[in-house]
Amino acid sequence: MARCRIKLPEETLSKLSRLGKNIDRISAAMLEDGAAVIQEQAAKNLEAVIGSGTKHKSRSTGGLRQLVKQSRVYKIANGDSHIKIGVWGYYYPNGKKTPAPLVANVLEHGRSDMAAKPWLKPALSKARKACVAAMQKRFEDEVDKL
């Protein structure tokens, strides 16, 4: 699974430190807004990649696109808040139950008889600025409410 690390500007971090006990609620809301932007771009890229560059017409039903999801916000041992964007669940191509992360990983990295069709890493690159903008907008909105 690909990782994306986005650093907030220093002025935003200093404003966050002044918020006191509301910091957890606001940072979780910011992460959810930023993750929604990346999730949408990843789903679009996945849809564009499926069936491209194949010899035969794609029989995809779009089921894999619906499995691109984000996790809930959680804290790790050092107190940082995290959120994951990935593919969860099972995919049923040709009526066979297949783990969706396996199918997504094969598309992203390829295999010996299939070329790689990256979809997640380009989505992270393309949505980075929009993600930071969405997070900053949510932060400003939450600060204005206080």
Side-chain angles (χ1 to χ4, degrees), residues 1-17 19 22-143:
M1 182 131 352
R3 290 178 61 171
C4 175
R5 177 169 291 194
I6 298 174
K7 301 235 182 213
L8 293 174
E10 291 298 321
E11 64 184 43
T12 305
L13 289 173
S14 66
K15 286 180 185 177
L16 270 173
S17 65
L19 294 176
N22 293 321
I23 194 167
D24 290 336
R25 180 183 56 81
I26 293 173
S27 63
M30 289 171 56
L31 282 173
E32 288 172 354
D33 283 0
V37 171
I38 293 175
Q39 178 186 352
E40 184 60 33
Q41 185 62 47
K44 285 180 187 175
N45 282 10
L46 181 60
E47 187 175 333
V49 163
I50 292 175
S52 66
T54 59
K55 294 178 184 177
H56 305 288
K57 186 176 182 266
S58 177
R59 296 177 291 171
S60 175
T61 61
L64 194 58
R65 183 189 198 279
Q66 296 170 354
L67 297 175
V68 177
K69 300 174 185 173
Q70 68 186 34
S71 71
R72 61 180 176 75
V73 177
Y74 62 95
K75 289 195 173 267
I76 60 171
N78 67 0
D80 290 346
S81 295
H82 285 228
I83 192 167
K84 293 180 183 180
I85 302 164
V87 181
W88 283 282
Y90 287 93
Y91 181 58
Y92 295 91
N94 304 326
K96 296 178 183 175
K97 183 178 178 180
T98 307
L102 175 66
V103 175
N105 193 32
V106 167
L107 281 172
E108 180 78 17
H109 301 289
R111 58 180 189 216
S112 64
D113 62 341
M114 185 179 113
K117 297 178 187 177
W119 59 275
L120 188 57
K121 192 168 183 179
L124 295 173
S125 300
K126 191 171 185 178
R128 183 179 301 268
K129 287 182 183 176
C131 172
V132 171
M135 290 172 70
Q136 285 179 338
K137 182 180 182 321
R138 181 61 177 256
F139 176 71
E140 295 299 331
D141 292 346
E142 292 291 332
V143 169

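What you see is a predicted model; the values in this text were computed from it and never measured.
The shortest heavy-atom contact between Tyr90 and Leu67 is O-CD1, 3.5 Å. Between Pro118 and Val49 the shortest heavy-atom distance is O-CG2, 3.7 Å. The two atoms that bring Ser81 and Ser27 nearest to each other are OG-OG, 4.0 Å, heavy atoms only.
Partners of Arg72 according to the side-chain hydrogen bond (donor to acceptor under 3.5 Å, both in side chains) rule, which considers only residues two or more places apart in sequence or in another chain, do not exist here. Asp80 pairs by the salt bridge (Lys or Arg N to Asp or Glu O under 4.0 Å) definition with nothing, not counting sequence neighbours. Among residues two or more places apart in sequence or in another chain, the side-chain contact (heavy atoms from CB on, under 4.5 Å) test is passed with Ala134 by Val37. Every residue two or more places apart in sequence or in another chain that forms a side-chain hydrogen bond (donor to acceptor under 3.5 Å, both in side chains) with Lys137 is listed here: Asp141. Checked against side-chain contact (heavy atoms from CB on, under 4.5 Å), Ala35 has the following partners two or more places apart in sequence or in another chain: Gln70, Ile83, Ile85. For the side-chain hydrogen bond (donor to acceptor under 3.5 Å, both in side chains) test, no residue two or more places apart in sequence or in another chain qualifies with Gln136. Partners of Lys75 according to the side-chain hydrogen bond (donor to acceptor under 3.5 Å, both in side chains) rule, which considers only residues two or more places apart in sequence or in another chain, are Asp24.
Taking CE of Met30 as the reference point, atom CD of Glu140 lies at 9.0 Å (rounded to 0.5 Å). Rounding to the nearest 0.5 Å gives a distance of 6.5 Å between CG of Leu107 and CG of Leu46.
Within the structure, the side chain to side chain donor-acceptor pair (under 3.5 Å) test picks out the following pairs touching residues 30-41 (sequence neighbours left out): Asp33-Arg138, Glu40-Arg65, Gln41-Asn45.
The environment of Lys69 atom NZ is dense: over 12 non-hydrogen atoms of other residues, nucleotides or ligands sit within 6.0 angstrom.
Looking at Ser71, its side chain does come within 3.5 Å of a backbone N or O of Lys84 through a donor-acceptor pair.
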